[in-house]
Amino acid sequence: MAIQRVLQVLQDTDATDQHLAALELHKGLAQAGCEVRTLALGPGKIGQLATSVPVISPSRRSVAAYTQLRTEQRWADALILQGAHVADVAALVPIPVPTAISLWAEPAQWKDGKRPSWRLMRSARRGSQLIVNNSAAQATLEQVLDARPAFSESARQRSSSQADGTDRSHRTHLIHTGVGAVERAASGLGSGSITDAQLAARRRAAKQALGLDESALAIRVLAPVSERKGATQTLQVADVEQAAASVGMTFIGTSARASTSAQATDELLLAASDVVVVVSCEGGPSVELLRSMQAGAIAVTESSAAMAELIEDHVTGLSFGPGMRTGAPAADSLLASLTAALSEIMSDLSLCHSLARAGAERVEAEYALGRVQSSWLEVLHAALA
């Protein structure tokens with residue numbers, strides 16, 4: 001039996017990294033020939049995706065969300081549940097079709113001591129496939145599940161059933177975040193793949209539109225969309241701005257948005273950035289980071305096991321030490337580490353070129369939308385066996 005209809009369910013309509021990646025996945029599955037529907041359990045607090053993602057109930061915690069989800073899933077050959085909360089709602093009754101549960105922030109929370117819900121555990125025991133977007137999350141998830149008695153017993157049963165091929169027990173899968181290819185059409189440059197020369201011309205034009213110095217390297221901070229803006233994030237931005245000023249880079253801050261529309265701002269910021277900095281990395285690479293690297297920006301990220309597949313220090317990007325969230329001395333250390341990394345970029349033009357090219361190639365090789373959607377379909381088809 002081939003999977004032809006896929007229902008993907010989001011927690012809400014807020015534009016979190018996970019939800020933005022889910023929309024990319026929707027696009028990839030549709031390109032693979034599937035009929036795809038993406039719905040949200042309820043509206044979000046901000047609801048940036050409300051115009052493109054229908055909601056199935058007035059609240060994601062209501063009884064209506066559960067009953068309507070039961071109705072919606074009858075249409076599908078397979079389910080993709082984005083997040084543990086969605087899985088908890090769906091697990092209230094047995095799900096008769098192949099199901100994949102995508103987990104992003106949850107493994108980091110479990111590593112810190114929070115326990116998975118019994119509904120999520122029940123879904124896994126019933127055969128739902130658990131998906132993570134980085135190897136550190138996969139290792140954490142497997143450790144948490146192996147520590148649960150029900151899964152220890154499942155592991156013993158699995159060893160005895162593998163010989164006759166009847167194993168349908170829990171498995172975890174590493175599938176990277178998917179991102180579509182950079183196209184000239186999206187940049188007003190015609191059709192087909194965009195070249196290095198065209199990317200450089202696009203960057204100069206974007207800097208000019210933002211009122212920036214075209215001859216200076218431009219840097220900006222990529223904050224995880226799912227994180228609330230607060231004092232810690234403000235401190236991160238201030239430190240990156242200070243590090244940029246100390247090495248002679250142009251910092252792209254909120255003032256760059258003043259003369260642009262909301263829609264144009266995202267594209268202009270993407271196009272204008274020579275360097276992007278990510279300080280909080282525990283959720284793995286964001287769609288915005290992948291798109292920036294595709295467009296030729298150098299990635300400078302906090303050292304994190306969750307980024308290991310994407311950022312190889314001094315090969316596909318630069319890493320600096322963590323510590324901002326642990327107090328002033330650590331923040332001073334992080335500032336010094338970040339400043340040293342930016343100094344390397346400013347002092348070595350060949351390093352700039354090699355990091356930008358290798359980073360873009362890594363994204364195309366490991367995070368391309370076509371490759372990622374194929375992995376999702378393989379997992380869902382495997383659940384049919």
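The first residue in the sequence is number 1, and the count goes up from there.
T13 is not listed as a side-chain neighbour of Q48, based on a closest heavy-atom distance of 4.5 Å or more. In this structure, the side chains of L369 and V179 stay at 4.5 Å or more apart for every pair of heavy atoms. The side-chain heavy atoms of E302 and V278, taken from C-beta on, include no pair separated by under 4.5 Å. The side-chain heavy atoms of T172 and L145, taken from C-beta on, include a pair separated by under 4.5 Å. With a 4.5 Å cut-off on side-chain heavy atoms, V240 and I219 count as touching. The closest side-chain heavy-atom distance from I175 to E378 is not below 4.5 Å. By the 4.5 Å heavy-atom criterion applied to side chains, M346 and L217 are counted as neighbours. Counting heavy atoms from C-beta on, the side chains of L338 and D239 never come closer than 4.5 Å.
For the residue pair Q73 and P96, the shortest heavy atom distance occurs at NE2-CD, 3.8 Å. Pairing each heavy atom of N133 with each of L174, the nearest pair is C-CD1, 3.5 Å. Nearest heavy atoms, L268 versus A209: CD2-CB, 4.0 Å. Between L41 and V89, the closest heavy-atom pair is CD1-CG2, 3.9 Å. The two residues L289 and A299 have their closest heavy-atom pair at CD1-CB, 4.0 Å. The shortest non-hydrogen separation linking A90 to L81 is CB-CD1, 3.6 Å.
The main-chain N or O of E309 is never found under 3.5 Å from a side-chain atom of E366 such that the two would form a donor-acceptor pair. A donor-acceptor pair under 3.5 Å links the side-chain atoms of S337 to the main chain of G321, judged by distance alone. Between the side chain of S303 and the backbone N or O of F320 there is at least one donor-acceptor pair closer than 3.5 Å. No side-chain donor-acceptor contact under 3.5 Å links S319 to the backbone of D313. For S128 (side chain) and S123 (main-chain N/O), a donor-acceptor pair under 3.5 Å exists by modelled atom type. Remark: side-chain polar atoms of R122 are paired, donor with acceptor, to backbone N or O of A91 under 3.5 angstrom. For Q129 (side chain) and H173 (main-chain N/O), no donor-acceptor pair under 3.5 Å exists by modelled atom type. Checked by atom type and distance alone, the side chain of S286 never pairs as donor or acceptor with a backbone atom of D17 at under 3.5 Å. At distances below 3.5 Å, at least one donor-acceptor pair connects side-chain atoms of R203 with backbone N or O atoms of S273. Side-chain atoms of R70 do not come within 3.5 Å of backbone N or O of A65 as any donor-acceptor pair.
No hydrogens or angles considered: nothing links the side chains of S57 and Q68 as a donor-acceptor pair under 3.5 Å. Judged purely by distance below 3.5 Å, without hydrogens or angles, the side chains of Q82 and Q8 pair a donor atom with an acceptor atom. With hydrogens and angles left out, the side-chain atoms of E364 and Q294 include a donor and acceptor closer than 3.5 Å. A donor and an acceptor atom, one from each side chain of D14 and T16, are nowhere located under 3.5 Å apart.
Cluster membership for L377 and V379, using ILVMFWY side-chain heavy atoms within less than 4.5 angstrom, is shared. There is a path of hydrophobic side-chain contacts, each under 4.5 Å, that joins M121 to V93. Residue L23 is not grouped with residue L270 when hydrophobic side chains (ILVMFWY) are merged at heavy-atom distances under 4.5 angstrom, including chains of intermediate members. Tracing side-chain contacts under 4.5 Å through hydrophobic residues (I, L, V, M, F, W, Y), one reaches V53 starting from L20; they form part of the same cluster.
Between K111 and E282 there is no salt bridge, since no side-chain nitrogen of the basic residue lies less than 4.0 Å from a carboxylate oxygen of the acidic one. Of the charged side-chain nitrogens involved, none lies within less than 4.0 Å of a carboxylate oxygen, so that E106 and K114 do not count as a salt-bridged pair. With respect to the salt-bridge test (charged N to carboxylate O, under 4.0 angstrom), the residues R291 and E288 do not qualify. Between K207 and D274 there is a salt bridge, since at least one side-chain N of the basic residue sits less than 4.0 Å from a carboxylate O of the acidic one.
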Just do the side chain to side chain contact (heavy atoms under 4.5 Å, CB included) check on S102 and Q18 with the steps written out, would you?
CA-CA 9 Å; S102 176; Q18 184 172 14; 3.5 Å; yes
Side chain to side chain contact (heavy atoms under 4.5 Å, CB included), that's the test. Do N134 and W104 meet it? Break it down for me.
CA-CA 9 Å; N134 64 83; W104 277 43; over 6 Å; no
Under the side chain to side chain donor-acceptor pair (under 3.5 Å) criterion, do D213 and T250 qualify, and how do the steps go?
CA-CA 8 Å; D213 183 356; T250 299; 5.5 Å; no
Going through the distances and angles, do D12 and R61 end up as a salt bridge (Lys or Arg N to Asp or Glu O under 4.0 Å)?
CA-CA 10 Å; D12 51 45; R61 292 185 172 88; over 6 Å; no
L310 and V363: CA distance, side-chain angles, deciding distance, side chain to side chain contact (heavy atoms under 4.5 Å, CB included) verdict
CA-CA 7 Å; L310 177 64; V363 171; 3.9 Å; yes
Apply side chain to side chain contact (heavy atoms under 4.5 Å, CB included) to residues L92 and R119 and explain how you reach the verdict.
CA-CA 7 Å; L92 291 172; R119 289 195 183 101; 2.9 Å; yes
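Rounding to the nearest 0.5 angstrom, the gap separating the CG atom in L25 from the OG1 atom in T38 is 7.5 Å. Distance CD/E344 to OG1/T339: 12.0 Å, rounded to 0.5 Å. Taken to the nearest 0.5 Å, the CG atom of L7 stands 9.0 Å off from the CD1 atom of I80. In this structure, L79 CG and L380 CG are separated by 9.0 Å, a value rounded to the nearest 0.5 Å. In this structure, L120 CG and I101 CD1 are separated by 5.5 Å, a value rounded to the nearest 0.5 Å. A distance of 11.0 Å separates CD in E312 from CG in L355, rounded to the nearest 0.5 Å.
Under a cutoff of 6.0 Å and an axis angle of 45°, R37 and W75 form a cation-pi pair.
Counting non-hydrogen atoms of other residues, nucleotides and ligands closer than 6.0 Å to CZ of R357 gives a total of 12 or fewer.
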